[in-house]
Asker: 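What follows is a single structure, and I will ask about it in a moment.
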There are 2 protein chains.
Amino acid sequence: MNTGAKPFTMHDVARLAGVSPMTVSRALNTPERVSPEMLARVREVVRRTNFVPNAMASGLRRARARLVAALLPTLVGPVFQEMVEALDRALHERGYQLMIGQSGYDATREEALLRGIIQRRPDGIILVGAMRSEEGRRALRASGIPVVEAWELTATPVDMLVGFSHAAIGASVVDYLHARGHRCIGMVSAGDQRALTRVNAFAERAQALGITAVAPAFTPAPSTMGAGRAGLAELLARSPQVTAVFCSSDMLALGASIEARERRLAVPKKLAIIGMGDQSVAADAAPPLTTVRIDGTRIGRIAAEMVVARADGQAPGQAVVDIGFSIVERAST
Amino acid sequence: MNTGAKPFTMHDVARLAGVSPMTVSRALNTPERVSPEMLARVREVVRRTNFVPNAMASGLRRARARLVAALLPTLVGPVFQEMVEALDRALHERGYQLMIGQSGYDATREEALLRGIIQRRPDGIILVGAMRSEEGRRALRASGIPVVEAWELTATPVDMLVGFSHAAIGASVVDYLHARGHRCIGMVSAGDQRALTRVNAFAERAQALGITAVAPAFTPAPSTMGAGRAGLAELLARSPQVTAVFCSSDMLALGASIEARERRLAVPKKLAIIGMGDQSVAADAAPPLTTVRIDGTRIGRIAAEMVVARADGQAPGQAVVDIGFSIVERAST
DNA sequence: TTGTATGCGTTATCAG
DNA sequence: CTGATAACGCATACAA
């Protein structure tokens, strides 16, 4: 431990190596511009002392933090995990560090977190979900930091955008179920903005096709298996005639599937179930669950590229990218 | 957007408000020491311009980043979520920001991440799981940054520690199953260090009690439901005589329970299943799963307190805290 | 209560 | 290739 001692800096390394601080800086950042002897001396001292340069100082001087911040609604559940993993990997390859913050679906908290993030002057900010508060949008724009909103398509992005249309998903699922002969369908859904977009599109498309979409059962956050069970129970209590249910996540779908089984409601014969996310649980369930697949890895990679391109001063290839989605058919429908 | 424009600083705010930069700094940090008029003028400009102070500069000057870094093996799954949530909350209350990094159970990556973290000079570092590499331990100690290793008890902590004994869990589960009459038991387990500790203790205790612990089925990371199904299948293929299985996570246990059902193996009559973590899936499953409960919230809170106390220059109350565990009995055993 | 000078640790720039 | 100097944006110490 080094507690209490005054911090060890490049000056100290320089002193011990018998060179100037500038040479230490170069040895660390551009070793090819330092003579082999000097380099060896510096490296030896760095190794011995475990010296690590202070990123606050270098960030201040360079006006680059080599840091990208991601703001997630939640870490719970595997929903965003694939994307975060890809984001992290892509940023690391390019020499950036990822800093993750979770807002917990809470507006006040999101506001505070956003301030904290902007304070650190990251080279980019990735928002999972659109920034809706006008306050937040202003703060982001004023900061001059490149922003990518991910996981959602909106008409008025703060800056860049990579996502997919939740409305299109709602409609497509209705089409899919309609094509399979279902005429009375329902939803078990979370209550966040993106889920609501799907709920509305679901109802509208059903009406357009002339089939019945019963009122959805809303589940509280987080979307657990238990919430899925309770959601299906509520839906069936109200509308026992439904023959198919679209759940807003695979975890809810798994819960619904278990609840159906407990009620001796054969899946898919008596009740078809479709989830969303294509998490591993969907494929592993019994029966395997039909689901809406989102390519989280692709979103993460593209978001990283967008942010890095901007941080390097280039304009991004495209400021808005729709990566679409697909329905993965399995035994539950 | 403000791209390209030179960054807006306190000096600019000061100029616009017609005061000195120092007054702006005080208005932001110690408003009670600024006259109401000045305060109003500064706040007005800050509001209008959306000014946010640069944390790299203030951190450099104060030699405090007001940042705590947490290093997790993974974000996947709900295992650490309760702890992270509590950690985040406790730190926020005390004016610190939490920065999360995931090492992905990969040593090289962990090394790089650790460097990146130390560079930013956080006021504390929380490690989930013990730091095993000697390199990493040295780097941590040399940094002088307070460190808390969490989720595990080890004989030689780098600094502070809050966790529970994985060996004690392995032994307790054997005792529990033994008391219920089981004489041939097995495990479906992940292969990480902590899981292995439980595996070994499980085998030892079984031997001490004179009952049979068959060789465990190891599952690949991440611990999904599918891995649990496959794990149980493998175990039963090798050792069909087992009457109870301890799974190293609730997700694995859920998978095992589904696999058992598919094989018409009644739970718990023919096969008892016990999970670990007490995630919501455990209670929501059918049948509800017996599990080992860890108080992640408590770990998170204590870790935050330890780190903050040290950052404030105090010695922590206790440098090592064992928070224990409990077995939650449900219908699967 | 407000302002001025100074330095935090690093690197861009320019001189040798 | 190496070193001296200054500056990044902010807050501590001190002066007015």
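In what follows, chains carry the letters A, B, and so on, assigned in the order in which the sequence lines appear, proteins first and then strands, with residues in each chain numbered from 1. Side chains are part of it too, since the values below use all heavy atoms of this structure and drop only hydrogens, waters and symmetry mates.
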Asker: Nearest-nucleotide wise, let me know which of B:Glu32 and B:Pro21 is further upstream toward the 5' end of DNA chain C.
Answerer: B:Glu32
Asker: Looking only at side-chain N and O atoms, does A:Arg33 come under 4.0 Å of OP1 or OP2 in D:dC1?
Answerer: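 The answer is no; no side-chain N or O of A:Arg33 sits under 4.0 Å from OP1 or OP2.
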Asker: Please report, rounded to the nearest Å, how far the C1' atom of D:dG9 is from the CD atom of A:Gln119.
Answerer: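 It is 13 Å, rounded to the nearest whole Å.
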Asker: Return the value, rounded to whole Å, for the distance between atom CG of B:Asn54 and atom P of C:dC8.
Answerer: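 Whole-Å distance recorded here is 18 Å.
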Asker: Hey, which of these two, B:Met38 or B:Ala57, hits DNA chain C nearer its 5' end, going by closest nucleotide?
Answerer: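 The answer here is B:Met38.
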Asker: Is the backbone N or O of B:Leu87 less than 3.5 Å from a side-chain atom of B:Arg301, with the two atoms forming a donor-acceptor pair by type?
Answerer: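 No; judged by distance alone, with no hydrogens or angles, the pair does not exist.
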Asker: In whole Å, what is the span from the CG atom of B:Leu60 to the C1' atom of C:dT11?
Answerer: 12 Å
Asker: Respond yes when some side-chain nitrogen or oxygen of A:Ser35 is under 4.0 Å from OP1 or OP2 of D:dT2, and no when none is.
Answerer: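 True: A:Ser35 side-chain N/O within range (under 4.0 Å) of D:dT2 OP1/OP2.
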Asker: What's the CE-C1' distance between A:Met56 and C:dC8, to the nearest Å?
Answerer: 9 Å
Asker: Between D:dG3 and A:Arg26, counting only base atoms on the nucleotide and side-chain atoms on the residue, is there a donor-acceptor pair under 3.5 Å?
Answerer: yes
Asker: Just checking A:Pro53: base, sugar-phosphate only, or nothing, at a heavy-atom cut-off of under 4.0 Å?
Answerer: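 Counting heavy atoms under 4.0 Å across all strands, the contact made by A:Pro53 is with sugar-phosphate only.
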Asker: Specify the separation, in whole Å, of atom CG of B:Leu28 and atom P of C:dT2.
Answerer: 15 Å
Asker: Of the options B:Met131, B:Gln102, B:Arg132, B:Arg115, which is the one that meets B:Glu110 in a side-chain contact (heavy atoms from CB on, under 4.5 Å)?
Answerer: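 Among B:Met131, B:Gln102, B:Arg132, B:Arg115, the one that satisfies the side-chain contact (heavy atoms from CB on, under 4.5 Å) with B:Glu110 is B:Met131.
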Asker: Any side-chain N or O of A:Ser20 under 4.0 Å from OP1/OP2 of D:dG3?
Answerer: yes
Asker: For A:Trp151 versus A:Gly129, what's the shortest heavy-atom pair and its separation?
Answerer: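 The answer is CB-N, 4.3 Å.
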Asker: Taking any heavy-atom pair under 4.0 Å as a contact, classify A:Met22: base, sugar-phosphate, or nothing.
Answerer: base
Asker: As an exercise, state the distance from CD of A:Gln97 to CE of B:Met99, rounded to the nearest 0.5 Å.
Answerer: 4.0 Å
Asker: Can you check whether A:Thr23 has a side-chain N or O nearer than 4.0 Å to OP1 or OP2 of D:dG3?
Answerer: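 A:Thr23 to D:dG3 OP1/OP2: side-chain N or O found under 4.0 Å.
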Asker: Which pair of heavy atoms, one from B:Val307 and one from B:Gly124, lies closest together, and at what distance?
Answerer: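 Heavy atoms of B:Val307 and B:Gly124 come nearest at CG1-CA, 4.0 Å.
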Asker: Between C:dG9 atom P and A:Phe51 atom CZ, what is the distance in whole Å?
Answerer: 10 Å
Asker: Using the side-chain contact (heavy atoms from CB on, under 4.5 Å) rule, take B:Val128 and B:Leu71 through it: C-alpha gap first, then chi angles, then the decisive distance, then the call.
Answerer: CA-CA 6 Å; B:Val128 175; B:Leu71 197 49; over 6 Å; no
Asker: Should A:Asn29 be listed as having a side-chain N or O under 4.0 Å from OP1 or OP2 of C:dT11?
Answerer: yes
Asker: Can you measure B:Arg62 atom CZ to C:dG9 atom P for me and round it to whole angstrom units?
Answerer: 16 Å
Asker: To the nearest 10°, give me the bend of the helix from C:dT1-D:dA16 to C:dG16-D:dC1, comparing the axes of its five terminal pairs at either end.
Answerer: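 Result, rounded to 10 degrees: 30°.
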Asker: CZ of A:Arg64 versus P of D:dA7: gap in Å, rounded?
Answerer: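 In whole Å, D:dA7 P lies 23 Å from A:Arg64 CZ.
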Asker: Is a donor-acceptor pair below 3.5 Å formed from side chain A:Arg61 to base C:dT10, judging by atom type as modelled?
Answerer: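 Side chain to base: no pair present.
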Asker: Any salt bridge linking A:Arg41 with A:Glu44? Criterion: basic side-chain nitrogen under 4.0 Å from a carboxylate oxygen.
Answerer: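 Answer for the salt bridge query: no.
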Asker: Regarding A:Asp123 and A:Arg310, does a basic nitrogen lie under 4.0 Å from an acidic carboxylate oxygen?
Answerer: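 Looking at A:Asp123 and A:Arg310, the cut-off is not met.
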Asker: By nearest heavy atom, map A:Val19 and B:Ala55 onto DNA chain D; which one lands nearer the 5' end?
Answerer: A:Val19
